[in-house]
Undergrad: 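Supplied in structure tokens, the structure appears directly below.
This is a predicted model, so every value here is computed, not measured. Chain naming here is simple, since letters A, B, ... match the order of the sequence lines and numbering starts at 1 in each.
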Protein chains: 2
Amino acid sequence: MATEQAAKDAVNPAAVSCADIDPGECPYYLITRVSLGATAAMKRGFAEAGIGFVRPAYLGSLMSLWREDGLRVIDLGRRAGLEPSTMTGLLDRMERDGLVERRPDPADRRVLKIFLTETGARIRQTVIGIVDGTLLRVLSGVGRGEIDTLKELLRKVLVNVREERVEG
Amino acid sequence: MATEQAAKDAVNPAAVSCADIDPGECPYYLITRVSLGATAAMKRGFAEAGIGFVRPAYLGSLMSLWREDGLRVIDLGRRAGLEPSTMTGLLDRMERDGLVERRPDPADRRVLKIFLTETGARIRQTVIGIVDGTLLRVLSGVGRGEIDTLKELLRKVLVNVREERVEG
DNA sequence: TCAGTATTATACGCATACGTAATATACGCG
DNA sequence: CGCGTATATTACGTATGCGTATAATACTGA
């Protein structure tokens, strides 16, 4: 029956409950610690490659700019998944570190367009290599199919948390 | 053959590469955004339940103290997965918000033991209910077996990033 | 005993992220 | 045209986390 199938596939409270208070069993604990640990691994990867001025937080913006240079602050934030107010400080640091520069848009004086510097453009392949290498290490022992599953599940959760935000 | 099996199970670079620069395909992007989104959802859950003074960052420490009250700062940090220097500020805020208190240990004057206040102990069931409820929403549409898979994969990754840290 | 080392917690500076408020500019409608 | 609204960005305060340095205390071996 459809009902039985639905019940079978439904979330089982026991599978997500943190009532027994074992961090290793709490998805929230796992996600946040993995996120912190992966960020630390990225930071170390950049430092060891001699480009410690590239911070993990820059990745979303750099990736977006490598794909399309000269984006507005707000569009860059949308693609990186960050609030506009977060972008200000981030871009301050990226500018300080010589990766991007802000240029006014003559067509709309409210707008600043973000452009890669020569350095920001040049490090592209190096950075991608470090990100991929770090992911290989962090995901070592996880099979290819499992990685696809992981990505699929995380994408689903990401949709849920974004809807949460909108509803509120 | 063992070799063929190993090759089959090995991480496929194509599965983790961020070279095509699509955030939705990059596990690092997914993990960090899900972590931020889940934390925001927890924060909202507490606020809506009228206990906004409970912050998501307190969860690891609260869970540990509900299990065993009177832990030292360093042991609390180990269980919550946080550095000692991070614990100082966290405990400052938890103390300010009336959830815990520091008490000297007569047996070792370097040590401060952390105890739940009456409030900190009383909110236990409420907090666990909100955490579980938030996880149910965030994981809605994800089947029970998938959640177990997700947890298993995250635990494996967590081990990897912790080894990374030690080796460095 | 006491000199050297280890442990515990904190202090401080920095990075990263959010929300709210303020500022400057653009746009739409009468 | 000009007024009210919308948009883009920044400013500011706060939370959360790390690393390094420091202070106080404990331990250990000669």
Undergrad: With heavy-atom distances below 4.5 Å as the criterion, would you say the side chains of L59(B) and V127(B) are in contact?
TA: yes

Undergrad: Compare side-chain N and O positions of R72(B) against OP1 and OP2 of dT8(C) and report whether any pair is under 4.0 Å apart.
TA: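 The answer is yes; a side-chain N or O of R72(B) sits under 4.0 Å from OP1 or OP2.
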
Undergrad: Between L91(A) (CG) and dT10(D) (C1'), how many Å, whole number?
TA: 11 Å

Undergrad: Spell out, as yes or no, whether a donor-acceptor pair under 3.5 Å connects the side chain of S64(A) to the backbone of L76(A).
TA: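 Looks like no, no N/O pair under 3.5 Å.
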
Undergrad: Among N160(A), V157(A), L153(A), exactly one meets side chain to side chain contact (heavy atoms under 4.5 Å, CB included) together with L139(B). Which residue is that?
TA: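 Among the candidates, only V157(A) passes.
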
Undergrad: Can you check the F53(A) CZ to dA15(C) P distance for me, whole Å?
TA: 15 Å

Undergrad: Grab the CE-P distance between M87(B) and dT10(C) for me, whole Å please.
TA: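 Atom CE in M87(B) sits about 9 Å away from atom P in dT10(C).
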
Undergrad: Can you measure D105(B) atom CG to dT8(C) atom P for me and round it to whole angstrom units?
TA: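 Taking CG of D105(B) and P of dT8(C), I get 11 Å after rounding.
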
Undergrad: In whole Å, what is the span from the CD1 atom of I74(B) to the P atom of dT10(C)?
TA: 11 Å

Undergrad: Between dT10(C) atom C1' and L76(B) atom CG, what is the distance in whole Å?
TA: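 Taking atom C1' of dT10(C) as the reference, CG of L76(B) is at 16 Å.
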
Undergrad: Using only atom types and a distance under 3.5 Å, with no angle test, would you say the side chain of S35(A) pairs donor to acceptor with the backbone of T32(A)?
TA: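 No, the answer is negative, given that no donor and acceptor are paired below the 3.5 Å cut-off.
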
Undergrad: Between dC12(D) atom P and D92(A) atom CG, what is the distance in whole Å?
TA: 12 Å

Undergrad: If only atom types and distance count, is the side chain of E95(B) paired as donor or acceptor with the main-chain N or O of R102(B) below 3.5 Å?
TA: yes

Undergrad: With a 4.0 Å cut-off on N to O distance, would you call R144(A) and D148(A) a salt bridge?
TA: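 Salt bridge present between R144(A) and D148(A).
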
Undergrad: Rounding to a whole Å, what distance do you find between R103(A):CZ and dA8(D):C1'?
TA: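 Atom CZ in R103(A) sits about 19 Å away from atom C1' in dA8(D).
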
Undergrad: Where is the tightest heavy-atom contact between Y58(A) and R93(A), given as atom of each residue plus distance?
TA: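 In terms of heavy atoms, the two residues are closest at OH-CB, 3.3 Å.
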
Undergrad: Dump the pairs, protein N or O against N or O of nucleotides 1-6 of chain C, anything under 3.5 Å, distances to one decimal.
TA:
none

Undergrad: Given 3.5 Å as the limit, does a donor-acceptor pair link the side chain of D69(A) with the main chain of L116(A), or not?
TA: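 Judged by distance alone, yes, a pair lies under 3.5 Å.
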
Undergrad: If you measure from OG1 on T39(A) to CD1 on I31(B), what distance do you get to the nearest 0.5 Å?
TA: 9.5 Å

Undergrad: I need a per-nucleotide contact map over nucleotides 15-21 of chain D, read 5' to 3'. Cutoff is protein heavy atoms under 4.0 Å; write B for the base, S for backbone only, - otherwise.
TA: SBSBBB-

